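These numbers come from a predicted model, not from an experiment.
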Amino acid sequence: MKNQQTNRQMTIAFILVTSLFFLWGFAHNLDPILIPHLKRSFLLTTAQSTLVDSSVYIAYFLMALPAGLLMKRFGYKKGIIVGLFTFAVGAFLFIPAADFQSFTFFLVALFIIACGLTILETIANPYISELGPEKSSIQRLNLAQSFNGLAAALAPVIGSRIILIKGISDEELAVLSDPERKIALAAEASTVKEPYFILGLLLIIIAVIFSRIRLPESPRIEESTHQKRKSIFSTLKNHNLRWAVISQFFYVGAQVSVFSLFILYATEVVAITEITAADFLAACGIAFLLGRFLGTFFMKYIAPHRLLGLYAIANIFLSAFAMYATGMIAIYTIIIICFFMSIMFPTIFAMGISKLKEDREYGSSLLVMSIVGGAILPGVFGLISDFSGNIQIGYIVPLISFLVIAYFALYKYKSV
């Protein structure tokens, strides 16, 4: 009877915490909508527009360790509630950011949102991996992350139709003076107020729900609470964790480059509208979602690290092709890249924290810190695109990233 009750509690906890994967996935996948929107509203270069990603992923680097300490000191439940409230505060700040028509204010709001996301991801990823048998932890984490993929499919469709609304045509803009043009474009930024206000309210409601439920600790977590913990730097001596941190840095940088710059890529290479490009971005999200579900299934028959290596090799060739493809083939190539990216984050994460035992919190914090790759590599992508005058050449950044991941998966990972 006690085991049945424990299993039921773990199932409920799995469902509730998995909902968080959808929430932060939705927030992240609004960023590719924000980038072309704010680029137009504030007359930014491609490199400047990637500051949207930089403000988000720098927060991961700065907040990952405090998030790990928060989890260690107060536990999963309180940590999740703090993360949700922080997330909500950032969403509400979009309203004054639009009122002040300040790109810097938008970056601050995104940074605060990302601080909340950092707390949620630092807690939810290891928690999901612990809610069940250790041998199926990678599949379980991939299943939970599949709802992140569902958000990647829905956010572009919903966000584009609410946010990517041009208040004034390009022809009308052309006859305005520079000050008038800046005012008119900045005013378009106000379309973000309603969706982010609704998101903030939803987060408050979910935080209240979490405050009223009981989240069980897994047996392995409870067993490790009384063991002596090493320093975070000692944890990095773990071979798999060290290489997972490096690989995660490059993976997140590649993923953010692909998703966040997709609309700019599609409108330049194929000359379609931003709304149409956003619909194809939704197709990228669907491919990402299908890849997660199929990848979880394939892991029953193929070792996760080998499947990761095969997916990375596929994306090396696809990234090279994306640099020179023309027409709709270029867009289809990016969609396929998204399919093969699908399992990378959760698989690398689970490979990194496996066998860490009492140092799981430190390992989780380090892997979340490595997400800072999403702040750096898209900027490199943007600089290469601006310098070459061709956004396609920027795909050298994802290509190199997938090379690193393949090397870790097939040559450096030590299976236990």
Please tell me whether S260 and D31 have a donor and an acceptor in their side chains that are separated by less than 3.5 angstrom. no
Once ring-ring contact (aromatic ring centres under 6.0 Å, His included) is applied, do any residues pair with [X], and if so which ones, sequence neighbours excluded?
X: F288; value: F259
X: F381; value: Y395
X: Y324; value: none

Does a side-chain heavy-atom distance below 4.5 Å link [X] with [Y]?
X: V269; Y: T326; result: no
X: V368; Y: F349; result: yes
X: I58; Y: I376; result: no
X: L30; Y: Y196; result: yes

Only counting residues at least two apart or in another chain, list the ones meeting side-chain hydrogen bond (donor to acceptor under 3.5 Å, both in side chains) with D386. T46
Do any N or O atoms from the side chain of [X] and from the backbone of [Y] form a donor-acceptor pair under 3.5 angstrom?
X: S319; Y: I316; answer: no
X: E274; Y: T267; answer: no
X: Q255; Y: V252; answer: no

For the CD1 atom on I329, are there more than 12 heavy atoms of other groups (residues, nucleotides or ligands in this structure) within a distance under 6.0 Å?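 Counting other residues, nucleotides and ligands, CD1 of I329 stays at 12 neighbours or fewer.
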Might you confirm whether atom CZ of R242 has over 12 heavy atoms from other residues, nucleotides or ligands at distances under 6.0 Å? yes
Tell me every residue that passes side-chain contact (heavy atoms from CB on, under 4.5 Å) with I81, counting only those two or more places apart in sequence or in another chain.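 Checked I81 against side-chain contact (heavy atoms from CB on, under 4.5 Å); matches are K77, F85, F210, S211.
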Going by the rule side-chain contact (heavy atoms from CB on, under 4.5 Å), which residues pair with F197 if we only count those two or more places apart in sequence or in a different chain?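 Residues passing side-chain contact (heavy atoms from CB on, under 4.5 Å) with F197: F92, I95, L201.
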When S247 is tested against each of L308, T347, I348 for side chain to side chain contact (heavy atoms under 4.5 Å, CB included), which residue passes?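 That would be I348.
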With ring centroids as reference points, do [X] and [Y] lie under 6.0 angstrom apart?
X: Y127; Y: Y76; result: yes
X: F87; Y: W24; result: no
X: F106; Y: F103; result: no
X: F147; Y: F22; result: no

Begin from the C-alpha positions of L110 and L34 and carry the test side chain to side chain contact (heavy atoms under 4.5 Å, CB included) through to its verdict. CA-CA 11 Å; L110 285 164; L34 285 175; 4.0 Å; yes
For Y60 and Y57, take the angle between the two ring planes, folded into 0 to 90°, and tell me which bin it lands in: parallel under 30, tilted 30 to 60, perpendicular over 60.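 Parallel: the ring planes of Y60 and Y57 meet at under 30°.
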Correct closest heavy-atom pair for P378 and V256 would be CG-CG1, 3.5 Å
